[in-house]
Number of protein chains: 2
Amino acid sequence: MRRSHPPEGEPWALLVRLFFAQRATLPSVASELQLSLAQCHALHLIGTDRPMPMGRLAETLACDASNVTGLVDRLEARGLVARRPSTEDRRIRVLVLTPAGADVRAALVERMMAPPPALRRLSPREQRALVRILKRLLEEG
Amino acid sequence: MRRSHPPEGEPWALLVRLFFAQRATLPSVASELQLSLAQCHALHLIGTDRPMPMGRLAETLACDASNVTGLVDRLEARGLVARRPSTEDRRIRVLVLTPAGADVRAALVERMMAPPPALRRLSPREQRALVRILKRLLEEG
DNA sequence: TATTGTTATACTCTATAACTATA
DNA sequence: TATAGTTATAGAGTATAACAATA
């Protein structure tokens, strides 16, 4: 194996390890809620701030529109989301969460956003330093 | 929407945002190399330190063994991996990278591990602080 | 008997292309 | 003519259950 990536101690290598460690928990959360990863992602995006047209969901998920049709079909069949006609453009269908969908989404966000125990072991000063650094990392992309 | 998850400024919320921002780049790396995400993951795991029995790959990928059969079928059809009989237990098949597979894997790791430009904007002191904090976060799991 | 990997089957995810309704 | 969404179709990922070879 080539050693072209950064060595162990570099910050990025550590972040990647943290990503993978965290990524491993998402499938268990998903199966706990009887959702696929794609459904988790979609449910997370629907019903945040503003109504979600299907086209915008496809764009945000970076997938084809035809894919969203089937994805929403299944979420709708389970009573989690509903299609509503747009009042402005009759071609557009906006997605809304049903009460059941809002509950599942809340449970999902709850578990997804639950900080790992290791984070609580950081001192307040370390937590502030981490927040400051992460904000700088998120400034651009 | 319920506000049960940590508010914006909390370190974990920021890490999750960074996680999703980074995760969004993997599909483009994958399609660049003509690989699916599952194939990326498998290729990354095969050919690291020791030979990889199919059963251990299934375990590490947290998926069923029958899934690994098809996954390896396709990687093998593309000439990236090969099945070898185990010398110790004739039920076991171990996976090895072909030279072409090692090249693709190296390109994958190269791109996956490339630090984002934002990381370079951190001062050396910030980078050291980040490394120290991330090591503490990774101590346990 | 138990374990490793495969096969058969079914469902979900994903894309491309052709289509309908609307703009 | 262009756009939003659907349908048809195909390939990949995933799981369960039944199976063959080996332990």
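Note on naming: letters A, B, ... go to the chains in the order of the sequence lines (proteins, then strands), and numbering restarts at 1 for each one. Since the structure is predicted, the reported quantities are computational estimates derived from the model, not experimental observations. Because only heavy atoms are used, hydrogens play no part in the values below, and waters and symmetry mates are left out as well, while side chains stay in.
- Spacing between atom CG of A:L71 and atom C1' of D:dT7 amounts to 16 Å, rounded to whole angstrom units.
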*Show your working on side-chain contact (heavy atoms from CB on, under 4.5 Å) between A:L119 and A:L130 and close with a plain yes or no.*
CA-CA 10 Å; A:L119 202 62; A:L130 181 58; 4.1 Å; yes
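- Here the nucleotide nearest the side chain of B:P53, chosen from C:dG5, D:dA15, D:dA12, is C:dG5.
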*Would you check, one step at a time, whether the test salt bridge (Lys or Arg N to Asp or Glu O under 4.0 Å) holds for B:D73 with B:R83?*
CA-CA 9 Å; B:D73 280 349; B:R83 291 166 161 99; 2.9 Å; yes
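- A residue-by-residue look at B:S66 and A:R91 shows that A:R91 has its nearest nucleotide of DNA chain D further toward the 5' end.
- At whole-Å resolution of the value, CZ in B:R83 and P in C:dG5 are 10 Å apart.
- For B:M54 and D:dA21, the CE to C1' distance is 15 Å, given to the nearest whole Å.
- A side-chain donor-acceptor contact under 3.5 Å links B:S123 to the backbone of B:E126.
- We find that CG of A:N67 is positioned 17 Å from P of D:dA4, with the value rounded to whole Å.
- Listed by chain and residue number, B:R111 satisfy the salt bridge (charged side-chain N to carboxylate O under 4.0 Å, His left out) test with B:E32 (two or more places apart in sequence, or in another chain).
- Between A:D73 and A:D89, the residue whose closest nucleotide on DNA chain D is further toward the 5' end is A:D89.
- One atom, CG of B:L43, and another, C1' of D:dA12, lie 16 Å apart when rounded to the nearest Å.
- B:T69 comes within contact range of at least one nucleobase, with a heavy-atom separation under 4.0 Å.
- Between A:R90 and C:dA21, a side-chain N or O to OP1/OP2 separation shorter than 4.0 Å is absent.
- Looking at residues two or more places apart in sequence or on another chain, you find no salt bridge (charged side-chain N to carboxylate O under 4.0 Å, His left out) involving A:D64.
- What separates CG of B:L95 from P of C:dT4 is a distance of 14 Å, to the nearest Å.
- Separating the CZ atom of B:R74 from the C1' atom of D:dG11 is a distance of 9 Å, rounded to the nearest angstrom.
- Nearer to the 5' terminus of DNA chain C, by closest-nucleotide assignment, is the contact made by B:G55 (compared with the other of A:C63 and B:G55).
- Rounding to whole angstrom units, CD of residue B:Q39 and C1' of D:dG13 are separated by 10 Å.
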